[in-house]
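Residue numbers begin at 1 in each chain, while the letters A, B, ... track the order of the sequences.
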Amino acid sequence: MSLLKYFQNMNIDKIIFDAIKEALVDLYNLEADEKQIQLQNTRKDFEGDITIVVFPFLRFSKKSPEATAEELGKYLLETVNVVESYNVIKGFLNLAIDKKYWLDVLQEAYSEKNYGIEFSTEKSELAMVEYSSPNTNKPLHLGHIRNNLLGYSISEILKANGKKVVKTNIVNDRGIHICKSMYAWQKWGNGKTPENSGEKGDHLVGEFYVEFDKHYKAEITELKEKGLSQDEAENQAPSILGARELLRKWEAKDEKTVELWKTMNGWVYEGFDVTYKKLGVDFDKIYYESETYLVGKDEVLRGLQEGIFYQKDDNSVWADLSKEGLDQKLLLRRDGTSVYMTQDIGTAKMRFTDYPIDKMVYVVGNEQNYHFQVLAILLDKLGFEWGKDLFHFSYGMVELPSGKMKSREGTVVDADDLVEEMVSVARDMSKELGKLETLTEEEAEKTYRMIAMGALKYFILKVDPKKNMLFNPEESIDFNGNTGPFIQYTFARIQSVLRKAKENKVDIDKELKPDSISAKEKDILKRISLFPGIVKEAGDNFSPAVIANYCYELVKEYNQFYHDHSILSETDEEKRNFRLILSASVSDVIKSGMNMLGIEMPDRM
RNA sequence: GCCCCGGUAGCUCAGCUGGAUAGAGCAACUGCCUUCUAAGCAGUAGGUCAUGGGUUCGAAUCCCGUCCGGGGUACCA
């Protein structure tokens with residue numbers, strides 16, 4: 001049977017897979033499944049494109065690995081016209097695929113504007129991605145950066161996989177933490193505002209949070225010297241009493257308190273907006289905890305009435321999760337106030353009322369794995385059928401060489417500081433290398449920023465999200481090697497080649513001829529052909545790292561070959577044409593990939 | 001105590017639905033700017049894949065034990 005009809009639009013793996021399946025029935029009367037037929041890309045040091053592992057078939061062929069591979073190879077060569085030749089090494093059958101096939105891939109990648117990307121339609125699933133989720137009492141730090149970059153990137157990857165995506169942020173705008181900042185500002189603020197001090201709002205509020213902690217600690221020490229226990233001191237210090245008083249007033253909707261709360265949160269939001277903009281992240285819908293926590297409380301009370309939860313003598317409300325192999329979980333304190341879990345129940349309910357969500361994704365650190373395990377069970381118990389399907393995208397912590405980041409000990413890396421530092425390093429390095437001298441000041445500044453953010457984003461996203469990662473602020477981030485700027489740089493060089501081709505009026509829209517493609521060029525083509533599969537894999541596994549590492553491999557392969565080849569001075573017109581198209585396709589693919597990571601690609605650098 | 005996650009080159013990380021000789025980058029050392037951008041390219045050196053056992057034709061990858069590190073564990077969020 002001819003497989004020519006698949007030639008244009010079918011994945012080569014699928015063609016070979018089907019052919020092998022047929023072959024196994026013919027040769028050994030074996031109905032093989034996906035587990036038995038193992039296809040893999042042929043390793044660099046062997047000849048061929050696709051490798052079949054024949055060990056699983058030996059039981060049926062009743063022959064040696066070599067003989068089985070030989071027999072299968074012969075069969076495939078005869079029946080599948082894209083198979084050009086084959087060779088056998090031990091139990092491995094290596095197939096070489098016709099150059100025409102790879103050229104078709106290139107033609108497709110080149111002519112299709114969004115190669116490898118699937119767009120959403122009316123019927124597409126809707127995924128809501130929650131990320132960022134800051135508290136309003138302090139500025140964003142390095143940990144938030146990982147969260148924001150992951151959340152944004154995953155959203156883009158899901159979009160590229162044909163999903164409709166709503167990016168959402170739940171702002172933790174109420175509670176004792178913001179009251180601490182409010183108390184400190186009232187007490188020691190002297191009317192300081194972002195306007196009269198020139199400070200960024202979130203940093204200003206964060207300072208008062210630190211100020212609070214300083215006084216609070218001093219008061220505790222003082223009280224302990226007077227003979228109080230640690231516990232008593234912590235609960236009787238004037239500062240904490242003041243902050244709690246503010247929380248009570250806020251919950252009672254005291255006008256002056258609510259006003260101050262609004263004002264100070266407003267400062268923080270202005271500050272956050274600036275940071276978000278720098279990071280290049282955004283949201284379609286923002287929820288505020290002050291608007292959702294009461295909904296959660298109502299749900300818990302409903303659950304209590306329906307006998308899903310139970311109440312203790314002290315009036316606290318609990319869920320019994322022993323059947324699920326977990327513990328008892330508190331849902332309302334004895335004074336009736338809500339806890340974290342209560343709020344998340346409320347937020348979830350509101351979201352599913354607001355949107356027809358098919359998949360809810362929470363981008364939240366792995367220290368909350370237990371929380372989300374419990375949340376899924378509780379939502380399920382409350383009768384929300386989507387509860388158990390929620391997906392906690394759990395990521396590891398960012399560690400510093402000195403250990404954990406701790407706000408109180410001053411070992412945090414502030415997000416704004418880090419970004420500016422990166423930009424400054426990128427600027428200095430560019431100037432030192434004498435780059436971008438032809439650009440205007442404004443254009444150059446924009447490019448420095450792209451490079452700086454490219455370095456930061458790539459550095460964070462290339463690491464497997466679920467693992468903890470180490471960040472060394474002193475060494476900062478490299479601009480060489482497996483980095484964002486390395487990929488941006490190659491992209492910029494390709495743009496330069498394409499610009500010059502255009503200036504020289506080279507017409508690159510010619511038909512591709514299959515002659516004289518080097519093995520190395522074929523490797524690049526093979527890599528390009530993998531892109532749609534990579535996008536899908538990244539979508540299935542929620543993994544920006546898959547995209548990042550793919551881009552790097554492709555760029556490295558391209559660089560290694562084309563560094564020493566002058567494309568434009570190539571006299572063979574067909575060859576030059578091919579190389580230009582290959583270059584253009586490489587740059588399109590890496591741009592698509594890098595954009596999924598939220599990384600912009602500069603035309604010059 | 002119990003539960004979850006991790007341990008791969010000096011450092012930071014890939015590879016983990018079992019397949020061929022475990023890969024990159026950084027750092028070190030050696031070459032290459034008269035060639036579309038040297039933020040680059042070519043090369044040298046660097047490994048008991050924490051450890052002991054098991055399953056298998058085949059284990060960094062799967063299972064069990066041990067050690068080390070991180071996180072969680074009923075009124076923080």
Side-chain angles (χ1 to χ4, degrees), chain A residues 34-35 38 40 42-46 51 53-56 58 65 89-92 94 133 135 137 172 175-177 289 312 314 316-319 321 325-335 337-341 343-344 365-371 373 394 396-397 399 401 403-404 426 429-430 432-436 451 455 459 462-464 466-472 475 477-490 492-501 504 545-546 548-549 552-553 556 559-570 579-580 583 604-605:
Chain A
E34 281 176 41
K35 254 196 141 157
Q38 297 176 39
Q40 49 195 265
T42 303
R43 290 178 62 121
K44 286 265 153 55
D45 358 306
F46 299 96
T51 296
V53 183
V54 302
F55 288 107
L58 300 186
I89 295 167
K90 290 191 261 179
F92 300 91
N94 301 320
S133 311
N135 289 357
N137 62 324
N172 186 5
I176 192 72
H177 50 85
E289 212 177 85
K312 281 190 181 170
D314 64 3
S316 55
V317 177
W318 297 75
L321 303 175
L326 303 173
D327 276 331
Q328 312 296 308
K329 186 75 193 174
L330 177 83
L331 298 175
L332 288 177
R333 296 192 190 95
R334 60 179 150 235
D335 62 4
T337 55
S338 61
V339 295
Y340 181 32
M341 187 61 75
Q343 293 150 14
D344 258 2
N366 63 9
E367 72 271 16
Q368 289 182 34
N369 287 354
Y370 183 72
H371 173 82
Q373 199 185 341
S394 163
M397 300 199 297
E399 284 162 7
K404 265 189 82 171
M429 202 178 279
S430 287
E432 200 180 311
L433 291 167
K435 305 264 184 181
L436 303 177
I451 295 165
F459 184 86
K462 78 170 176 193
V463 180
D464 182 353
K466 68 171 184 289
K467 288 190 180 172
N468 289 356
M469 63 177 289
L470 192 83
F471 184 91
N472 190 337
E475 291 171 17
I477 292 176
D478 268 329
F479 291 79
N480 302 313
N482 183 1
T483 65
F486 170 73
I487 298 169
Q488 289 172 319
Y489 174 68
T490 305
R493 267 183 26 235
I494 294 176
Q495 302 323 301
S496 172
V497 171
L498 297 176
R499 268 196 305 273
K500 292 202 167 146
N504 297 341
V546 166
N549 288 307
Y552 175 66
E553 298 285 343
K556 197 171 156 59
N559 259 356
Q560 282 171 355
F561 187 67
Y562 280 106
H563 185 265
D564 302 324
H565 289 72
S566 182
I567 296 172
L568 292 171
S569 57
E570 174 59 64
R579 288 176 173 181
L580 282 169
S583 300
R604 302 161 204 263
M605 69 178 272

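- Residues passing the ring-ring contact (aromatic ring centres under 6.0 Å, His included) test with A:F471 are A:F459, sequence neighbours excluded.
- Applying the ring-ring contact (aromatic ring centres under 6.0 Å, His included) test to A:F561 and every residue at least two apart in sequence or in another chain returns A:H565.
- For A:K466, the salt bridge (charged side-chain N to carboxylate O under 4.0 Å, His left out) partners are A:D464, not counting sequence neighbours.
- If you check every strand for non-hydrogen atoms under 4.0 Å, A:Q368 touches a base.
- Residue A:L568 is classed as a base contact, given a heavy-atom separation below 4.0 Å to a base.
- Taking atom C1' in both B:A24 and B:U66, one finds a spacing of 32 Å when rounded to whole Å.
- Among the protein residues, A:Y370 comes within range of the sugar-phosphate backbone only, with heavy atoms under 4.0 Å from sugar or phosphate atoms but none that close to a base.
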Pairwise N/O distances under 3.5 Å, protein to nucleotides 19-23 of chain B:
residue : atom : partner : partner atom : Å
B:G19   : N7   : A:Q38   : OE1          : 3.2
B:A20   : OP2  : A:R43   : NH1          : 3.2
B:A20   : N6   : A:T51   : OG1          : 2.8
B:A20   : N6   : A:N94   : OD1          : 3.1
B:A20   : N1   : A:N94   : OD1          : 3.4
B:G23   : OP1  : A:R43   : NH2          : 3.1

Just the dot-bracket of RNA chain B, please: which string comes out with Watson-Crick or G-U pairs under 3.5 Å, [ ] for crossing, | for another strand?
((((((((.[[[[.)...(...]]]].(((((.......))))).....[[[[[..)....]]]]])))))))....
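- If you measure from atom CG of A:L470 to atom C1' of B:G69, you get 13 Å, rounded to the nearest angstrom.
- One can place CG of A:L321 at 14 Å from P of B:U73, the figure rounded to the nearest angstrom.
- Distance A:D478 CG to B:C13 P: 13 Å, rounded to the nearest Å.
- In this structure, B:C13 shows a glycosidic angle more than 90 degrees from zero, which is the anti conformation.
- Within 4.0 Å (heavy atoms only), A:E289 reaches sugar-phosphate atoms of the nucleic acid but no base atom.
- Donor-acceptor pairing under 3.5 Å is lacking for the side chains of A:T483 and A:D478.
- The heavy-atom pair separating A:I567 from A:S583 by the smallest distance is CD1-OG, 3.5 Å.
- The separation between A:M341 atom CE and B:G72 atom C1' is 12 Å, rounded to whole Å.
- Rounded to an integer number of Å, the gap from A:N369 CG to B:G6 P is 11 Å.
- Spacing between atom CH2 of A:W318 and atom P of B:C75 amounts to 6 Å, rounded to whole angstrom units.
- A:Y562 comes within contact range of at least one nucleobase, with a heavy-atom separation under 4.0 Å.
- The distance from the CZ atom of A:F479 to the CD atom of A:Q488 is 9.5 Å, given to the nearest 0.5 Å.
- RNA chain B is contacted by both A:D314 and A:M469; A:M469 maps to the nucleotide lying nearer its 5′ end (nearest heavy atom per residue).
- Backbone-only contact: A:E367 has heavy atoms under 4.0 Å from sugar-phosphate atoms and none from a base.
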Let me have a per-nucleotide readout for nucleotides 37-46 of chain B, 5' to 3', with B, S or -, counting only protein heavy atoms under 4.0 Å.
BSBBSS----
